[in-house]
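Shown next, in structure tokens, is the structure this report addresses.
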Amino acid sequence: MIDKQVASIAAALDGIRDGATILSAGFGAVGAPDDLLDGLLAKGVRDLVVVSNNAGSGKRGLAALIDAGLVRKVICSFPRTDDPRAFDAAYKAGRIELELVPQGIISERMRCAAAGLGGFYSPVGVGTKLADGKEVREIDGKRYVFEKPLRGDVALLRAHRADRWGNLAYRKSARNFNPVMAMAAELTVVQTKQMVGLGDIDPECVHTPGIFVDRVVVA
Amino acid sequence: MIDKQVASIAAALDGIRDGATILSAGFGAVGAPDDLLDGLLAKGVRDLVVVSNNAGSGKRGLAALIDAGLVRKVICSFPRTDDPRAFDAAYKAGRIELELVPQGIISERMRCAAAGLGGFYSPVGVGTKLADGKEVREIDGKRYVFEKPLRGDVALLRAHRADRWGNLAYRKSARNFNPVMAMAAELTVVQTKQMVGLGDIDPECVHTPGIFVDRVVVA
Amino acid sequence: MTPLSRPQMAWRAAQDIDNGWCVNLGIGLPTMVSDHIPPGREIVFHSENGLLGMGPKPAPNEVDPDLINAGKGLTTLITGGSFFHHADAFLMIRGGHLDLSIMGAFEVSERGDLANWTTEDPNFPPGVGGAMDLAVGAKRVRVLLEHTTKDGSPRIKAKCAYPLTAERCVSRIYTNLAVIDVTPQGLIVREIVDGLSFDELQQRTEAPLKLANDWGPLVPKLAH
Amino acid sequence: MTPLSRPQMAWRAAQDIDNGWCVNLGIGLPTMVSDHIPPGREIVFHSENGLLGMGPKPAPNEVDPDLINAGKGLTTLITGGSFFHHADAFLMIRGGHLDLSIMGAFEVSERGDLANWTTEDPNFPPGVGGAMDLAVGAKRVRVLLEHTTKDGSPRIKAKCAYPLTAERCVSRIYTNLAVIDVTPQGLIVREIVDGLSFDELQQRTEAPLKLANDWGPLVPKLAH
């Protein structure tokens with residue numbers, strides 16, 4: 001019998017180590033795994049590299065991890081949010097590294113890792129500062145930048161519903177980075193409000209098949 | 001008002017020309033656009049390049065196009081089926097060209113085109129005959145083959161349900177190549193048994209958003 | 001001479017959107033464009049966090065915290081809309097599936113280079129968001145910007161001074177003074193606000209302009 | 001000495017599948033493996049046309065023409081299963097998300113090279129299907145094959161004579177005579193059918209074999 005549900009946030013985060021690369025889902029606050037991020041804070045793992053669209057807002061979640069000095073580097077497209085004080089302070093103090101990646105290239109690089117590919121040629125950023133130091137290649141008369149796969153040690157997700165196989169369904173725009181990050185990490189951990197019976201998620205509408213999911217916790 | 005439904009197979013295929021590259025969906029007979037393929041036969045366009053997982057079975061669909069001498073080349077992973085006489089005869093007679101591509105690389109190359117990328121590095125086929133003549137590159141200690149995007153002039157699909165925006169839902173394993181091919185062609189044409197009202201396909205379960213679809217015909 | 005207000009600029013850009021187009025509107029002023037679509041045209045708005053068919057802001061009783069737009073404001077989905085994940089949202093952008101992207105800009109160059117992501121202000125960390133993806137990916141890129149900076153310096157330049165978002169991507173420029181096309185023959189002025197001469201427009205523009213044979217007045221049919 | 005029957009070979013391979021694994025079974029003999037999963041283990045079968053949770057053949061009243069497997073035979077979906085498109089099906093394969101791929105083989109080499117896609121028969125066009133993707137992508141690749149050809153030639157070779165499917169990909173070999181692991185130390189024999197000596201097995205094998213310290217008899221608990 002397969003049962004990926006674990007009993008606590010601590011159990012869901014078991015084994016995550018200092019220096020881990022964390023894929024943290026969500027777009028702004030929507031679809032973000034706040035309880036799992038709070039759990040990371042409580043756990044106190046440090047020297048983290050966090051991949052996320054933004055770099056935290058307010059005082060919870062990713063912002064709290066940054067405030068506590070646990071994040072070494074953020075890989076994101078747009079660090080600032082409506083309340084960016086945690087990241088701004090760390091950035092100004094030189095306490096955090098920023099790798100800025102065009103938004104679509106973050107998810108495409110993660111998908112590339114998920115799909116077992118070695119890299120791809122992207123038209124995005126050609127002729128700009130964000131292509132500095134990257135290989136540029138002309139293919140069929142058009143210039144592209146070489147982008148490498150981006151893999152996480154851990155993906156932290158938030159789903160609307162989950163079952164014991166780890167099949168997931170998201171709700172509205174909370175889907176965002178969740179399905180891509182689910183596929184791109186060694187360990188994929190999900191918080192969900194609702195565990196449902198196997199088969200309750202329509203097989204035609206499973207947004208993330210359980211093959212990509214390791215642990216589910218209700219939170 | 002947007003209305004992508006057209007009245008006839010002929011209208012659905014309007015403008016398709018000799019020499020076109022046709023992405024023909026389906027896995028075996030399931031999810032294959034037989035009525036659209038019959039329409040191509042009736043139209044008599046020739047010198048076609050057809051991308052499909054198989055190379056036709058029996059006497060209908062792709063097999064009939066091949067029998068009629070309208071197909072110059074097939075790009076597929078596995079030409080033979082339970083009744084492969086059309087392709088076998090053309091192949092033995094030297095009347096048709098075969099480009100054999102590992103099955104997952106067919107869909108990945110189409111997705112690459114759909115995503116606006118210039119190519120990708122694949123681990124599949126390294127050290128085999130199917131990598132002959134292809135660029136091989138070592139990335140982080142592993143060898144990869146360079147694969148280029150595969151784009152169609154036309155994609156021919158079969159959906160279970162469609163609406164006037166071209167939103168599509170497929171049924172069970174008939175989904176297969178349909179969503180990928182929908183994204184990878186200049187002109188995407190769909191046959192469906194059932195037109196439904198806008199909104200009747202759950203927004204959480206649209207398998208192919210209408211942005212990828214140009215024409216829908218009931219057949 | 002009365003320059004267009006910001007809503008009037010958005011109104012003007014909206015007039016050029018054809019029925020059936022899939023359109024992405026950038027954060028800020030471009031968002032207003034959706035308020036001015038001419039009646040009878042059905043437009044599908046795309047949001048890079050994973051929506052097609054984005055509707056207007058929700059009424060108080062429609063608010064759903066799981067339904068936001070790329071600017072992280074609350075939004076709605078119209079009938080026919082759909083949800084998808086982020087990599088698919090950007091496949092749509094990068095793969096040329098959007099008919100139009102409308103963005104704001106700091107500067108545009110004569111050949112259509114766009115600078116709209118950073119002013120390199122050392123007080124803030126830079127952010128790029130989806131601007132570079134949209135600039136290279138959409139079938140058409142049109143920009144909305146004030147014709148000059150607050151101190152009167154031109155923002156349509158021979159060469160952008162700010163870091164580029166993408167090269168040769170902009171095809172049409174809407175300012176508070178004019179509508180200008182970027183063409184292989186250079187910048188062609190299509191419309192100028194009443195009371196401003198071509199020469200006066202050129203004085204406010206660093207890049208050389210040409211006046212279209214069929215140019216006309218830029219008259220917003222919307223109160224200032 | 002009685003070599004294993006084909007169902008017995010499938011039975012043997014099934015014993016090594018752990019609870020919870022996602023497994024792809026190749027066309028032909030490997031398909032039979034799913035009939036012999038030990039009780040109490042929940043296994044998720046993957047099919048490259050876009051299914052997870054593939055079940056047994058349908059009963060006559062369950063037949064659905066839209067539900068087929070990679071061999072194009074009718075199949076079923078068990079509770080918890082899901083459908084997805086072809087590029088996602090192969091992302092699962094190539095990206096290392098499958099715990100196990102079991103395929104048939106014409107030949108396997110000492111270092112785990114696999115040849116199973118073409119014998120270069122000039123009478124038929126070649127076909128590769130998903131074999132190359134599975135061979136490089138799954139976490140584990142195990143093969144099922146008769147130990148020798150019909151005329152007694154070895155199929156476990158120093159070097160494959162047929163065109164390769166992938167290099168160094170096979171980790172375990174199930175034949176009708178033995179179970180053999182491919183390791184950095186070479187081919188290690190884990191089990192041999194009763195009545196066949198190690199030397200006799202080596203005579204039927206081109207590549208050099210080593211006998212594991214803890215080797216045992218290969219005893220199928222399934223009627224011949």
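Numbers restart at 1 for each chain; the letters A, B, ... are given by sequence-line order, proteins then strands.
For Leu51(C), the part lying under 4.5 angstrom from a heavy atom of chain A is the side chain only. At a 4.5 Å heavy-atom cutoff, the contact between Ala166(C) and chain A is made by backbone atoms alone. Proximity to chain A is limited to the side chain of Phe90(C), based on heavy atoms less than 4.5 angstrom apart. For chain C, no part of Ile106(A) is nearby; none of its heavy atoms comes within less than 4.5 Å. Heavy atoms of Asp113(C) lying under 4.5 Å from chain A are absent altogether. Interface remark: Pro126(C) contributes backbone and side-chain atoms alike to the contact with chain A (heavy atom separation under 4.5 Å). In this structure, chain C has a heavy atom under 4.5 Å from the side chain of Asn54(A), while its backbone stays farther away. Heavy atoms of Arg143(A) lying under 4.5 Å from chain C belong exclusively to its side chain. For Arg80(A), the part sitting under 4.5 Å from any heavy atom of chain C is the side chain, from C-beta outward, and nothing else. When heavy atoms are compared at a cutoff of 4.5 Å, Thr75(C) does not approach chain A at all.
A donor-acceptor pair under 3.5 Å is absent between the side-chain atoms of Asn116(C) and the main chain of Phe106(C), judged by distance alone. Arg151(A) contributes a side-chain N or O that, together with a main-chain N or O of Ala113(A), makes up a donor-acceptor pair within less than 3.5 Å. In terms of modelled atom types and a separation under 3.5 Å, the side chain of Arg137(A) and the main chain of Tyr144(A) share no donor-acceptor contact.
Proximity of Pro79(A) to Tyr91(A): side-chain heavy atoms (C-beta onward) are nowhere separated by under 4.5 Å.
Between the side chains of Thr208(A) and Asn167(A), not a single donor N or O lies within less than 3.5 Å of an accepting N or O. At a cut-off of 3.5 Å, with distance as the only test, no side-chain donor of Thr119(C) or Asp121(C) sits close to an acceptor on the other residue.
Contact count against chain C (heavy-atom pairs under 4.5 Å) is highest for Leu130(A) among Leu130(A), Val126(A), Val180(A). Among Asp88(A), Val30(A), Ile105(A), the residue making the largest number of heavy-atom pairs under 4.5 Å with chain C is Val30(A). Between chain A and the options Pro125(C), Ala115(C), Ala87(C), Gly50(C), heavy-atom pairs under 4.5 Å are most frequent for Pro125(C). Chain A forms more heavy-atom pairs under 4.5 Å with one residue of Ala70(C), Ser82(C), Ala131(C), Gly81(C) than with any other, namely Ala70(C). Highest contact tally toward chain C, considering only Ala55(A), Pro102(A), Ala174(A), is held by Pro102(A) [criterion: heavy-atom pairs under 4.5 Å].
Classified by interplanar angle (parallel below 30°, tilted 30° to 60°, perpendicular above 60°), the ring pair His207(A)/Tyr170(A) is parallel.
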Could you go through Glu147(A) and Glu108(A), starting from their C-alpha distance and side-chain angles, then the distance that decides it, and tell me whether this counts as side-chain contact (heavy atoms from CB on, under 4.5 Å)? CA-CA 9 Å; Glu147(A) 298 284 359; Glu108(A) 192 63 23; over 6 Å; no
Quick one, Leu100(C) with Arg142(C), criterion side-chain contact (heavy atoms from CB on, under 4.5 Å). Give me CA distance, side-chain angles, the key distance, then yes/no. CA-CA 7 Å; Leu100(C) 174 63; Arg142(C) 297 175 178 171; 3.5 Å; yes
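Lys72(C) forms a cation-pi arrangement with Phe27(A), by the criterion of a distance under 6.0 Å to the ring centre and an angle within 45° of the ring axis.
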